[in-house]
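Please read the structure below before turning to the comments.
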Amino acid sequence: MEAVLAGAISEALTRLGVDADPSRIGLERPARADHGDWSTNAALVHAKGAVMAPRDLALRLAAELDGTGLPHLERTEVAGPGFVNFHLAPSWLHEVLGAVLRLGAGSYARHDAGAGQTVNLEFVSANPTGPLHAGGGRWGAFGDSLARLFRRCGYETHTEYYVNDRGTQMELFGRSLAARLDDRPVPDDGYHGEYVAEWATELASELSAGASSGADDLTAALEALGGSAYAASWGRDRALRDVSEALEAMNVGFDHWQSENKLVASGAMDNAIAGLRQGGWTYTEDGAEWLRTSDFGDDKDRVLYRSDGEPTYFVPDIAYHDAKFDLRRLRALQRRGAIGDTRRHDPDNETVDLVIDVLGADHHGYVPRIAAAMQMLGHPAESYEAIVGQNVTLMRDGQVIELSKRTGTMVEVRELIDAVGPDVARFAFLLQSIDSRQTIDIDLLSAQAAENPVFYVQYAHARIASVARRAESTGVEPVPPAGTDLGPLVGEREVALLRALEVLPSVVETALRERAPHKVTTWVRDLAAAFHGFYHDCPILHSDNPPEVRDARLCLTEGTRIGLAIGLDLLGVDAPEAM
RNA sequence: GCGCUUGUAGCUCAAUUGGACAGAGCAUCUGACUACGGAUCAGAAGGUUCGGGGUUCGAAUCCCUGCAAGCGCGCCA
């Protein structure tokens, strides 16, 4: 419909002798229903070139369009400073509903914008030194929903979690665990959380179970295995199990967990650094080796190898990001079953087209240097993208809870999920833009869990399922056959619901383009609201209803179910048959 | 001090990226089924879009400036 209108507008302008510039013509769905179904600013934009008052041009344009016999067009109108509004007959929405029913949840609102393109999406990547902080849930929900949007738009999509299992933090974590194990004080700059003590107890029982002959000296048993280094690696696995389980509970999964240790062991660092040196991007100063990141907009150059010869954390990060561009690496992971099914892809293309990091605001300073390094290694500037989101503030009892490694205070995602359930938690994270700081008051969220908007949406879905069950029990086909006359759907609430359903494809498209899954949340609430209104005012299975009205409404109900199912799936939230 | 992000109803947030009278949900007040699930629906009230300039047919949105908040600014990770 949009394409038909856009073409007609351009042609009409040309017939009026105006030099039409299609790129500047805006065609949009007005916010207010009484402004019609579509609206164009074409007259406003072209008035100057046509040397006419905007309204005069609008009037002539409207008259011209009225004469062309466009399908479904009831009338045009000129409004405001010179908008031309198109009022369409409900029949155009009936065609939309027909398409929704024909395509179903699998195919409606799908785009092939990303066909043949591969995207790699990294998110969460919290250090494996403890359970996942509740704030981390935001990145999980966001990243996972964004991945779902990419998939729906035809991208071959890989999701990754980078495991920083190497370096100072891991050592400290290992030493903290070891210290707890023999009741020594935890190092000052170590990990003081309650969980460290609990995990040390677990480690202790594993050690004593594993020790052959009642070795009750745990310290000796640990030393035999490698001391705090063993504790660190054991703790890493323990933490990752905890993190993945918590994310799984929120319906968040990853195709691949990349260990930094294994990456380094593979020689990836040497390869990447060789590439940088070859390109002449490095130099030595004060005994350290530097990278010319300021050539690409970074504030200053960055150290790769310290004067003592040790690589900074930056080196493995470069190697990792470089590796993420390598499709052969992803294929190899796939063969090992680390990654799920793949979609069609150009077999000659060996490069991932888009590598995305989802980061918290506290890491934004790191973006320019990694972007610089990727360009030095030959990856086009637009192929690396960092999405920087604002962090979450957690509250309890009206008090802000500061995340502190020293004192060990934290709120775990698990705790949040246990308190309110996965759907409320996930919906809450996806309720607002990633650009705005989010405050989650765990008590407030628990207390108001029953009023959470997620239930409003899920209730709409459950109601529809209930209608279907009732239809079945009275011998009525819950989904009338294709070709059912949708003509009876002309009431205000029916049209409002049809309109809400119609915009889903463009919502999906903009949500992906703007990396804004919360747009799906907003839409799904709108659709649910339109459905509840329809349901309240328009009886479906009531015996007074003529069969043709009943069947048309059943079609609309099923179409709504499809829309809700798509939206909730994109959000990773359950679409229940009953509540 | 410099940089990034943000500032919208009492609270939490939207606003088709420059469009028409800035919209929802909570909270407050008032109403609605002898019909398919009342976790619903309808209505009222609530605004100088942080302040001040500017750009144009048109600004919450873009530019300048001031204020406020969060984050970042190491041969730490």
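Chain identifiers are assigned alphabetically (A, B, ...) following the order of the sequence lines, protein sequences preceding nucleic acid strands; residue numbering begins at 1 within each chain.
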Toward the 5' end of RNA chain B, by each residue's nearest nucleotide, A:R302 or A:R493:
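Nearer the 5' end of the strand: A:R493.
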Electrostatic pair A:D37:A:R499 at N-O distance under 4.0 angstrom
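Looking at A:D37 and A:R499, the cut-off is met.
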With a 4.0 Å cut-off on N to O distance, would you call A:D301 and A:R292 a salt bridge?
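Salt bridge between A:D301 and A:R292, a charged N being under 4.0 Å from a carboxylate O: no.
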Any strand counts, and the cut-off is 3.5 Å on both contacts for Watson-Crick or G-U wobble. Which nucleotide pairs with [N]?
N     : answer
B:G46 : none
B:A24 : B:U12
B:C33 : none

Taking any heavy-atom pair under 4.0 Å as a contact, classify [X]: base, sugar-phosphate, or nothing.
X      : result
A:D526 : nothing
A:A578 : base
A:F314 : nothing

Enumerate, atom names and distances included, each donor-acceptor pair closer than 3.5 Å involving a side-chain atom of residues 39-54 of chain A, sequence neighbours excluded.
| residue | atom | partner | partner atom | Å |
| --- | --- | --- | --- | --- |
| A:S39 | OG | A:N85 | OD1 | 2.9 |
| A:T40 | OG1 | A:G26 | O | 3.0 |
| A:T40 | OG1 | A:A42 | N | 3.1 |
| A:N41 | OD1 | A:G26 | N | 2.8 |
| A:H46 | ND1 | A:A42 | O | 2.9 |
| A:H46 | NE2 | A:D21 | N | 2.9 |

Using the P atom as the reference point in each nucleotide, state the distance between B:C33 and B:G23 in Å, no decimals.
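It comes out at 30 Å once rounded to the nearest Å.
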When the C1' atoms of B:A27 and B:C64 are considered, how many whole Å apart are they?
40 Å
Donor-acceptor pair under 3.5 Å, A:D34 side chain vs B:A20 base
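Answer no: no donor N or O sits under 3.5 Å from an acceptor.
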Any N/O donor-acceptor pair, A:T312 side-chain to B:C75 base, under 3.5 Å:
no
Rounded to whole Å, please give me the gap between [atom1] in [X] and [atom2] in [N].
X      : N     : atom1 : atom2 : answer
A:L554 : B:C36 : CG    : C1'   : 10 Å
A:Y459 : B:A39 : OH    : C1'   : 6 Å
A:W290 : B:C75 : CH2   : P     : 5 Å

Just so I know, are the side chains of A:L570 and A:S145 near enough to count as touching, which here means a heavy-atom distance under 4.5 Å?
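They are not in contact (no side-chain heavy atoms under 4.5 Å apart), so the answer is no.
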